[in-house]
2 protein chains.
Amino acid sequence: MIPATVRQPLSRERILVAAVGLADAYGISAVTMRRIGEALDCEAMSLYYYVESKGALVAGLAEQVIGEVVAATAADPPGATGWRELVLGRCLLARSVMLRHPWAPQVIMSLPEAPTVTYAIYEQLVGTLVDAGFTYELAHRAIHALGSMVLGFTQELFEPADGSAPTMTVDQMQAMTETMPHLAALATPDIHGTEGSLSTCDTQAEFEFTLGLLLDGLDRARA
Amino acid sequence: MIPATVRQPLSRERILVAAVGLADAYGISAVTMRRIGEALDCEAMSLYYYVESKGALVAGLAEQVIGEVVAATAADPPGATGWRELVLGRCLLARSVMLRHPWAPQVIMSLPEAPTVTYAIYEQLVGTLVDAGFTYELAHRAIHALGSMVLGFTQELFEPADGSAPTMTVDQMQAMTETMPHLAALATPDIHGTEGSLSTCDTQAEFEFTLGLLLDGLDRARA
DNA sequence: ACCTGAACACCGTTCAAGT
DNA sequence: ACCTGAACACCGTTCAAGT
């Protein structure tokens, strides 16, 4: 009697999950009331029964992603020793979540206020730091420094997102060697002792390096 | 014979300036082909004669802002001694430009490729660093670290954008003291030797502190 | 060469109406 | 209680047509 595919009732949760799926698959611009409706086999207007507005839906997206971070970082690894290791591990996990949802940092930073879940992360972080001898003042600064790293480092500024075809012709390369010698050196293998650090840019390594600088600096400021 | 207000001819430049003005005054969402047309006293469709698409226009916005950074940082202060002082000064100037255009970091990071003007900034930075004994490898990392700071630190994650009314009732505050003691301490004046570092959050000081950590770290890595 | 009117597909959102 | 049709104001964009 029950048809093969019963249409599940809508819910805020189902809507948010569908929206995250759309964003992951087609980018944040595909997150549209009408397309969410399509994905859930209902009309766009039905969503307004569960979600106040598009803005509230977008805030829900951020909530969803930050919830993933909370879930991933709730339990510290058993063998962890010291605050540095703990915080480093959590930052790397948080980043891995952001990499799964490249649209998320933008969305999170565009919100007028941080979703409530965020406080759980901060509470945990401040706890760890204060236990390790940080003042609250310094812990507060650590929040800003680490938060802006996790959210700000995903986007790439320099190289083409693809890393695929060289966008430069030989002529352009030639001109660049004259007008911008240092960048040319940076982009050219086997010069100045680099192997072309531009072309082989490993963003993950960059992230870990910069994060290391920050953690070292915080450790020094602690003493 | 010439009427009091001659309608200036359109140009890419005029369009971009008008768009930046709209974004500064009403936010990036107000940057609309139709509203730009209104501001320039022409029809939205006319813009397409000078601008390929909305995407190209947005790229132009980023170009405009990065151009401001280039202009602000082209000449180093006469009395500057050493790379740290030079780079610190440029980062602070770059940040001040971003603060004048709060929509800019989002826009810049959303681009598939960095505008060409950006290379001028990187060339200058790499030059300064290599002259100071940085390897190209390390200079590359500095680009990432500093770039993500300048673009990522504008957005606030924690406190309400306003800093105005307390969004929390006394009850909520009470509950927070129990479930999130550390954040409660962070938010409460005269506890644990802080004067309520949350309420008195000075983002500029936070930025300079974190930037200092990075510069110190880079200096150590140089040696 | 430069600008516009008309038209299209697509948005978010409201609200009265259906079940 | 939950969902929808019709309608509105607003998008980006194309293209033939005006000057």
Side-chain angles (χ1 to χ4, degrees), chain A residues 1-3 5-64 103 106-107 110-113, chain B residues 1-64 103 106-107 110-112:
Chain A
M1 284 310 150
I2 296 173
T5 51
V6 198
R7 214 176 75 177
Q8 285 190 313
L10 286 176
S11 71
R12 191 183 135 90
E13 179 72 12
R14 283 193 70 217
I15 291 170
L16 290 179
V17 169
V20 168
L22 279 174
D24 288 345
Y26 308 106
I28 191 65
S29 69
V31 176
T32 264
M33 302 308 260
R34 283 171 166 87
R35 291 184 69 166
I36 297 171
E38 206 175 333
L40 294 175
D41 196 24
C42 72
E43 302 301 319
M45 302 80 81
S46 309
L47 305 177
Y48 286 90
Y49 195 80
Y50 301 93
V51 150
E52 209 177 339
S53 65
K54 176 80 183 288
L57 188 141
V58 167
L61 288 188
E63 222 180 303
Q64 210 79 355
W103 46 270
Q106 269 191 59
V107 166
S110 77
L111 296 181
E113 203 166 349
Chain B
M1 284 306 152
I2 296 172
T5 51
V6 198
R7 215 176 75 178
Q8 286 190 312
L10 286 177
S11 73
R12 193 184 134 89
E13 179 72 12
R14 282 193 72 216
I15 290 170
L16 290 178
V17 169
V20 168
L22 277 174
D24 288 346
Y26 307 107
I28 190 68
S29 70
V31 176
T32 264
M33 301 309 259
R34 283 170 166 87
R35 290 185 70 167
I36 296 171
E38 205 176 334
L40 294 176
D41 197 24
C42 72
E43 300 302 317
M45 302 80 79
S46 310
L47 305 177
Y48 285 90
Y49 195 80
Y50 301 93
V51 152
E52 206 177 344
S53 66
K54 176 80 183 287
L57 188 141
V58 167
L61 288 187
E63 223 179 303
Q64 209 81 354
W103 46 269
Q106 270 190 60
V107 166
S110 78
L111 296 180

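Below, read A as the first sequence line, B as the second, and so on, with proteins coming before strands; counting in each chain starts at 1.
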* CG of A:Asp41 versus P of D:dC3: gap in Å, rounded? -> 11 Å

* **Nearest-angstrom distance from the residue atom CZ of B:Arg12 to C1' of C:dC3** => 19 Å

* To do: Sort out the partner of C:dA7 for me: Watson-Crick or G-U wobble, both distances under 3.5 Å, none otherwise.
  => D:dT13

* Nearest heavy atoms of B:Ile36 and B:Ala18, plus distance in Å -> CG2-CB, 4.5 Å

* Go ahead and name the base partner of D:dT19; Watson-Crick or wobble counts if both distances stay under 3.5 Å, otherwise write none. => C:dA1

* Honestly, is B:Arg12 close enough over B:Tyr49, meaning NZ or CZ under 6.0 Å from the six-membered ring centre and within 45° of the axis? -> no

* Structure fact -> Taken to the nearest whole Å, CZ/B:Arg14 to C1'/C:dC2 is 14 Å

* Scan residues 44-59 of chain B against DNA chain D and write down, sorted by residue number, each residue with any heavy atom closer than 4.0 Å; if none is found, say none. => B:Met45, B:Tyr48, B:Ser53, B:Lys54

* Find which nucleotide of DNA chain D each of A:Cys42 and B:Ser29 is nearest to by heavy atoms, and output the residue with the more 5' nucleotide. => A:Cys42

* Nucleic acid contacts of residues 16-25 of chain B, taken as heavy-atom distances under 4.0 Å to DNA chain D -> none

* Asked: Closest heavy-atom contact between A:Val31 and A:Ala19?
  -> CG2-O, 3.6 Å

* Asked: In whole Å, what is the span from the CZ atom of A:Arg34 to the P atom of D:dC10?
  -> 15 Å

* Asked: How long is the line joining CE of A:Met33 and P of D:dC3, in whole Å?
  -> 14 Å

* Interatomic distance where CD1 belongs to B:Ile36 and C1' belongs to C:dC3 [whole Å] -> 16 Å

* Structure fact -> Between CD of A:Glu43 and P of D:dT4 the distance, given in whole Å, is 5 Å

* Taking all non-hydrogen atoms of both residues, which atom of B:Gly37 and which atom of B:Leu47 are closest, and how far apart? -> N-CD1, 4.2 Å

* To do: Please lay out, stage by stage, how B:Met33 and B:Tyr48 fare under the test side-chain contact (heavy atoms from CB on, under 4.5 Å).
  => CA-CA 9 Å; B:Met33 301 309 259; B:Tyr48 285 90; 3.6 Å; yes

* Is the NZ or CZ atom of B:Arg35 positioned over B:Tyr26's six-membered ring, under 6.0 angstrom from the centre and within 45° of the axis? -> yes

* Find the distance A:Leu40:CG to D:dC2:P and express it as a whole number of Å. => 16 Å

* Measure the SG-CG distance between A:Cys42 and A:Leu10 for me, rounded to the nearest 0.5 Å. => 4.5 Å

* To do: Return yes if some donor-acceptor pair links the side-chain N/O of B:Arg14 with the main-chain N/O of B:Gln8 below 3.5 Å, else return no.
  => yes

* Inter-residue atom distance A:Leu16.CG - A:Glu63.CD, 0.5 Å rounding -> 7.5 Å

